[in-house]
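If you're wondering where the values come from, they're calculated on a predicted model, not measured in any experiment.
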Number of protein chains: 2
Amino acid sequence: MKKPPCCPPAEPTPPVPTDEAEANERLAQLAKALGHPARVAILRMLVREQGCIVGDITRELPFAQSTVSQHLKQLKDAGLIRGDVDGPRVCYCVEPGVVALFKALVGTL
Amino acid sequence: MKKPPCCPPAEPTPPVPTDEAEANERLAQLAKALGHPARVAILRMLVREQGCIVGDITRELPFAQSTVSQHLKQLKDAGLIRGDVDGPRVCYCVEPGVVALFKALVGTL
DNA sequence: AGCGTTTATCGTCGATAGGCGATGGGTGCG
DNA sequence: CGCACCCATCGCCTATCGACGATAAACGCT
């Protein structure tokens, strides 16, 4: 049985910045991270299943492994996902709080 | 009194695409358009006031007029805003339906 | 120790983004 | 008609993106 010990400790939702310029900055950063169809697809996949091995994601997408890895890096840099090492593999999963923050920021438009 | 005849004929909200790949594509396109703080600021400004002259926007932002014009073009290409000519000026305003579509798409994450 | 598997990183390449100043086309006014 | 104003576009430059193959690092297993 290969249940990766990945997602459990969910972080709390970060607060929406009070300063408008700061909010714009954060919103732009998150929006940019989702500014590519492959990254949207990856995020959706991580939400649907919870926690995915890179290999599984690569098999779902029409891109090379290295390309997928770079998209994952961008999502991780934006804080939208997290990657936990599970032996030789890495289990990626959504950071629900940050997704919620994104939705909240979009809601302020 | 300088009331530009800009925003009145609001377009209806486009439907959320049923095909997931198509939805991802559209969401990525809209997210990319908002993937820069200046563009977020512009959109917010157009929502706050309704309808803005390019000159006013340029005065608000720390960028050259040509740079602002390019950001406006990207927002327009994504469908988020519209630009109506008002004599020598151009009045930009929000396309509320598309903003609503964006919110709806983000809501599906 | 060595091997296969898995993933991240590197190097490269063309394309795109993002900034600016300068130019040019409309428009209204004198 | 000419002038001033407003804006879009062009050309240029640098930096980043997006894709790939190749390589390297970490791990489990035998």
Is it true that atom NZ of A:K76 has more than 12 heavy atoms of other residues, nucleotides or ligands lying nearer than 6.0 Å?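 It does not: A:K76 NZ has 12 such atoms or fewer within range.
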
Among residues 62-77 of chain B, which ones have heavy-atom contacts with DNA chain D below 4.0 Å?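 Those residues whose heavy atoms fall under 4.0 Å from DNA chain D, taken from residues 62-77 of chain B in numerical order, are B:Q65, B:S66, B:S69.
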
Please tell me if A:R39 has a side-chain N or O lying less than 4.0 Å from either OP1 or OP2 of D:dG18.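 For A:R39, the contact criterion (side-chain N or O under 4.0 Å from OP1 or OP2 of D:dG18) is met.
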
Using OP1 and OP2 only, check whether a side-chain N or O of B:Y92 sits under 4.0 Å from D:dC6.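 Answer is no, no contact under 4.0 Å.
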
Does B:G55 or A:G87 map to a spot on DNA chain D nearer the 5' end, using the closest nucleotide for each? B:G55

Measure from the side-chain heavy atoms of [X] and tell me the nearest of [options].
| X | options | answer |
| --- | --- | --- |
| B:V90 | D:dA8, C:dG19, C:dT7 | D:dA8 |
| B:V54 | D:dG18, C:dG18, D:dC7 | D:dC7 |
| B:H36 | C:dG28, C:dG19, D:dC27 | C:dG19 |

In whole angstrom, what separates [X]'s [atom1] from [N]'s [atom2]?
| X | N | atom1 | atom2 | value |
| --- | --- | --- | --- | --- |
| B:D84 | D:dC6 | CG | P | 19 Å |
| B:R82 | D:dC7 | CZ | C1' | 18 Å |
| A:I53 | D:dA26 | CD1 | P | 18 Å |
| B:R89 | C:dG28 | CZ | P | 10 Å |
| B:K32 | C:dA15 | NZ | P | 15 Å |
| A:I57 | C:dT7 | CD1 | C1' | 11 Å |

Distance-only check: which donor-acceptor pairs under 3.5 Å involve side-chain atoms of residues 56-70 of chain B, not counting sequence neighbours?
residue	atom	partner	partner atom	Å
B:D56	OD1	B:R59	NH2	3.1
B:T58	OG1	B:V54	O	3.0

Does some side-chain heavy atom of [Y] sit less than 4.5 Å from a side-chain heavy atom of [X]?
| X | Y | answer |
| --- | --- | --- |
| B:R44 | A:L109 | yes |
| A:K32 | B:L34 | no |
| B:L30 | B:V98 | yes |

Note: B:E20-A:R48 ion pair, threshold 4.0 Å (strictly below):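 Result for this pair is yes, salt bridge flagged.
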
Pairs in or reaching into residues 67-89 of chain B: which pass ring pair (Phe, Tyr, Trp, His ring centres under 6.0 Å), with residues at least two apart or in two chains?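 For residues 67-89 of chain B: B:H36-B:H71.
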
